[in-house]
Amino acid sequence: MIDFIYSSRHSDLKNASDSLAIIRSVKKQDIKEWSGDWGCLAVAGECYPGYDIIESEDCILVVVGGPIPRKYTNSPVPFSADNLTVQLLEILNSETEADFLNDIFGHFLILKIDKTIPSAKLVTDPNSFVPSYHLQIHADANSDFLIGTHADALAQSVFSGPELEEEVDLVSVADFLKFKTVTFPNTLYKGIRQLHPGAFYQFDPKNPNAAPDDICRKYWEPFEDPGKISDINSAATQLRDLLVENTRMISACSNKLNLMMSAGEDSRSVLAAIPEETATDCFTFLDTYNREARIAEMATNAYGKNWKPIYRKPTHYIENIESSICLAESANFFIHSHINGFDEKEIGDGPLIGGNKADDLFRGYNAKGFGKLGIVFKVDKNAWEHPKGQAKINATADLQEQVYQRRKEFNEFLAHYRPSSWAEWHSIWPASMDTASTFLFINRRMKAAREPYIDGKMTALGAVTPLEFKLSRRLFSKAMQPLFRKTKFLPHGEGHFPYFGLLVNTPVNLFHSVKNKISRLFPGKKVNDGPWQAFEDIVSEPLYEQKEAYYMGQCPSRIKEMIDNCTKSTCPVDNLARFQIIVWAALHIGKEPQYKAE
């Protein structure tokens, strides 16, 4: 819920505070500021419940996100600043550091400023579910480094006008247009790099030129361990037990939960793991009361929770694109901003939870393969080269070559950890490599967001579980079968039955495959039965065309020239990514006013 910028120099905080205010749409007076010989710090937004910022004569402790110590698993304990924040400070001050992989649940970033040494210590979570960034200013006696949680705010706190436009990395822009993410550790800015997941950083203001890699100690890396889990039943039990444990921890720290509910099996697994006594509202975002709604409602009722549909307008995503890009950051695809634009009263109190990342970590979703009827026969290790859409990034042949070179270097980086499954993890680790992570990046800035699969221990379990267990739903089916008994005969939105394995679902999948092929033979308006708004409908809205034309006219010349030279795709997803770059460049680089309807 908070964002910060830390500078190693004791300097004017105006630029940092102003940039955070613009990005977060908060009032300048609501931004907290500190400065001293150790540097300066600006923080915008509210902390998660129980994690108020600690300031003393010796230190400042800022916790982004809401990590939960696992000892609270079976003992509901009130969450307060005097409990959790102080406890984390004691851990950081102790001679033996905490096991942040196994002892801490959730997504987090911890910044501890020691005023006496002085130094700044940063702890990133195992998958960088809260990305953090480093920016080096100069490399001389006037050198300064900055750390922040929002790449756009960090850039705007240092650069402005033509200087900021020149700071834009066109290779990263092309990367985003093609893949809908920017290859780690790059950002859309030349001098800003994302810091490593699962690491401790010790920054010294007296040595501002130290390279981040030289002051980084990694406490977890996603190494393969082929012999760690050799039995699929053991893996299924571990997954189910960890899901139940994490969900109970989330329930223990709140009187009510808000579950993002779909007709799929990931959110259903979380619903089934929520204790019966925990009050839960299950929200489904919809265009109409369709098949997605009916299945989500029946699943919710089966587990005795409260179902609430939230209906969006056809222009929902377009109307809110400006604030969605700010909340997501420029390098994350705004189309995953589902809750932005809805009144806070529609969702109410309590943390947001969901089944995000279950498919990546435990159903082999990112290991694209060749197969039919829900069975994967062979994994395509080159699938990462062919993302959804047909984006043409041919502003120059050199630009396209550089994009693929970055991706290949990243795959080599992953292959160091995962020689046989780097293709699976291309869009898993760090979290920013998965375009769907935007869902979390936006949610955590709007409300407290705690999801049982978004956790270091879950990531570590996914890392050591053999890929062959995950394919064709084998692992997930075995793990969740005991939890799915109440919805044994309730189908998934895609037609199969989550309770059952391949034996039952193969003929079911065959039936739906034939049915879908027959339906495509008959033209005409089809009912949108899925959870997503149809992308082709979004880009056909008059408001889309109006905003695109307006912001293209305001786009800085360097970005506009590149966009003009890129072939416009026939794929609506590609065009929405192009739309995002145009809006981002006009608002943050060109500093133009937002579009206003006539």
Side-chain angles (χ1 to χ4, degrees), residues 229 231-248 251 257 259-276 278 280 282 284 290-307 353-365 371-376 451-453 458 461-462 465-466 468-516 529-531:
I229 300 178
D231 174 49
I232 191 171
N233 293 314
S234 172
T237 300
Q238 290 183 54
L239 171 56
R240 183 174 60 253
D241 290 348
L242 186 55
L243 171 65
V244 171
E245 175 189 333
N246 288 354
T247 307
R248 286 179 177 171
S251 302
L257 302 180
L259 175 62
M260 305 293 101
M261 187 69 195
S262 72
E265 56 192 317
D266 299 342
S267 59
R268 193 183 302 185
S269 69
V270 177
L271 171 66
I274 296 174
E276 290 185 11
T278 302
T280 306
C282 299
T284 307
N290 56 11
R291 181 182 63 204
E292 184 83 8
R294 293 190 295 273
I295 294 174
E297 183 179 20
M298 286 188 283
T300 301
N301 292 338
Y303 291 94
K305 305 305 181 184
N306 183 35
W307 185 71
I353 67 170
N356 205 356
K357 299 300 179 187
D359 51 1
D360 297 341
L361 292 170
F362 302 108
R363 290 200 286 119
Y365 180 79
K372 295 181 179 180
L373 309 180
I375 305 172
V376 178
E451 299 208 19
Y453 292 104
M458 277 287 189
L461 179 60
T465 302
E468 57 267 28
F469 290 177
K470 304 174 188 179
L471 298 178
S472 306
R473 296 186 56 256
R474 290 176 62 216
L475 171 66
F476 205 78
S477 176
K478 285 181 177 291
M480 302 307 158
Q481 199 168 62
L483 298 178
F484 286 160
R485 287 195 182 100
K486 291 184 179 180
T487 55
K488 181 181 290 189
F489 300 109
L490 184 64
H492 186 288
E494 295 176 356
H496 65 270
F497 293 90
Y499 176 84
F500 297 101
L502 279 175
L503 186 63
V504 169
N505 280 309
T506 297
V508 173
N509 290 333
L510 175 62
F511 168 78
H512 283 281
S513 177
V514 173
K515 178 184 173 184
N516 291 337
D529 272 324

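Values in this document were obtained by computation on a predicted structure and should not be read as measured data. When a residue number appears, it is its place in the shown sequence, counting from 1.
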Applying side-chain hydrogen bond (donor to acceptor under 3.5 Å, both in side chains) to Glu494 and not counting sequence neighbours gives none
Residues Ile295 and Gly493: closest non-hydrogen pair is CD1-CA, 3.9 Å
Note to self: Counting C-beta onward and ignoring hydrogens, is there a side-chain heavy-atom pair between Met480 and Pro498 closer than 4.5 Å?
What the structure shows: no
Residues passing the side-chain hydrogen bond (donor to acceptor under 3.5 Å, both in side chains) test with Tyr453, sequence neighbours excluded, are Ser269
In this structure, CG of Leu257 is separated from OG of Ser251 (nearest 0.5 Å) by 4.5 Å
dist Asp359:CG -> Arg473:CZ (nearest 0.5 Å) comes out at 12.0 Å
Residues passing the side chain to side chain contact (heavy atoms under 4.5 Å, CB included) test with Asp241, sequence neighbours excluded, are Thr237
Hey, does the side chain of Asn290 reach the backbone of Ala293 with a donor-acceptor pair shorter than 3.5 angstrom?
yes
- Does the side chain of Ile353 come within less than 4.5 Å of Thr280's, by heavy atoms? no
d(Glu276 CD, Thr278 OG1) to nearest 0.5 Å is 10.0 Å
Contacts of Arg291 meeting salt bridge (charged side-chain N to carboxylate O under 4.0 Å, His left out) (sequence neighbours excluded), chain-then-number -> none
Minimal heavy-atom distance between Pro452 and Asn246, with the atoms involved, is O-ND2, 2.9 Å
Distance col, row Leu461:CG vs Leu361:CG, nearest 0.5 angstrom, shows 8.5 Å
Exercise. Got Phe362 and Lys357 here, is their nearest side-chain heavy-atom distance under 4.5 Å?
Worked result: no
d(Phe484 CZ, Phe476 CZ) to nearest 0.5 Å is 5.5 Å
With sequence neighbours left out, the residues meeting salt bridge (charged side-chain N to carboxylate O under 4.0 Å, His left out) with Lys470 are Glu424
Interatomic distance, CZ@Arg268 vs CE@Met298, rounded to 0.5 Å, equals 9.0 Å
message = If you define the side chain from C-beta out and look only at heavy atoms, does anything of Leu239 sit under 4.5 Å from Met458?
response = yes
With sequence neighbours left out, the residues meeting side chain to side chain contact (heavy atoms under 4.5 Å, CB included) with Ser267 are Met261, Ser262
Sequence neighbours excluded, the answer for side-chain hydrogen bond (donor to acceptor under 3.5 Å, both in side chains) partners of Arg363 is Asp266
Here the side-chain hydrogen bond (donor to acceptor under 3.5 Å, both in side chains) pairs for residues 292-307, sequence neighbours left out, are Asp281-Asn306, Thr284-Trp307, Tyr289-Glu297
Shortest non-hydrogen pair, Ala299 vs Thr487, comes out as CA-CG2, 4.2 Å
**Asked** Should the pair His496 and His492 be assigned to parallel (<30°), tilted (30 to 60°) or perpendicular (>60°) ring geometry?
**Response** parallel
- Message: For a side-chain contact (heavy atoms from CB on, under 4.5 Å) check, start with the C-alpha distance between Lys488 and Phe497, then their side-chain angles and the critical distance, and finish with the verdict.
- Response: CA-CA 7 Å; Lys488 181 181 290 189; Phe497 293 90; over 6 Å; no
- Task: Quick one: do Leu242 and Glu245 satisfy side-chain contact (heavy atoms from CB on, under 4.5 Å)? Show the steps, please.
- Result: CA-CA 5 Å; Leu242 186 55; Glu245 175 189 333; 4.1 Å; yes
Sequence neighbours excluded, the answer for side chain to side chain contact (heavy atoms under 4.5 Å, CB included) partners of Glu468 is Pro466
OH (Tyr365) with more than 12 external heavy atoms under 6.0 Å: no
Applying side chain to side chain contact (heavy atoms under 4.5 Å, CB included) to Ala235 and not counting sequence neighbours gives Ile229, Thr465, Phe469, Leu475
Taken in chain and number order and not counting sequence neighbours, the residues that satisfy side-chain hydrogen bond (donor to acceptor under 3.5 Å, both in side chains) with Asp360 are Asn366
Note: Lys486 and Ala302 closest approach over all heavy atoms is CD-O, 3.6 Å
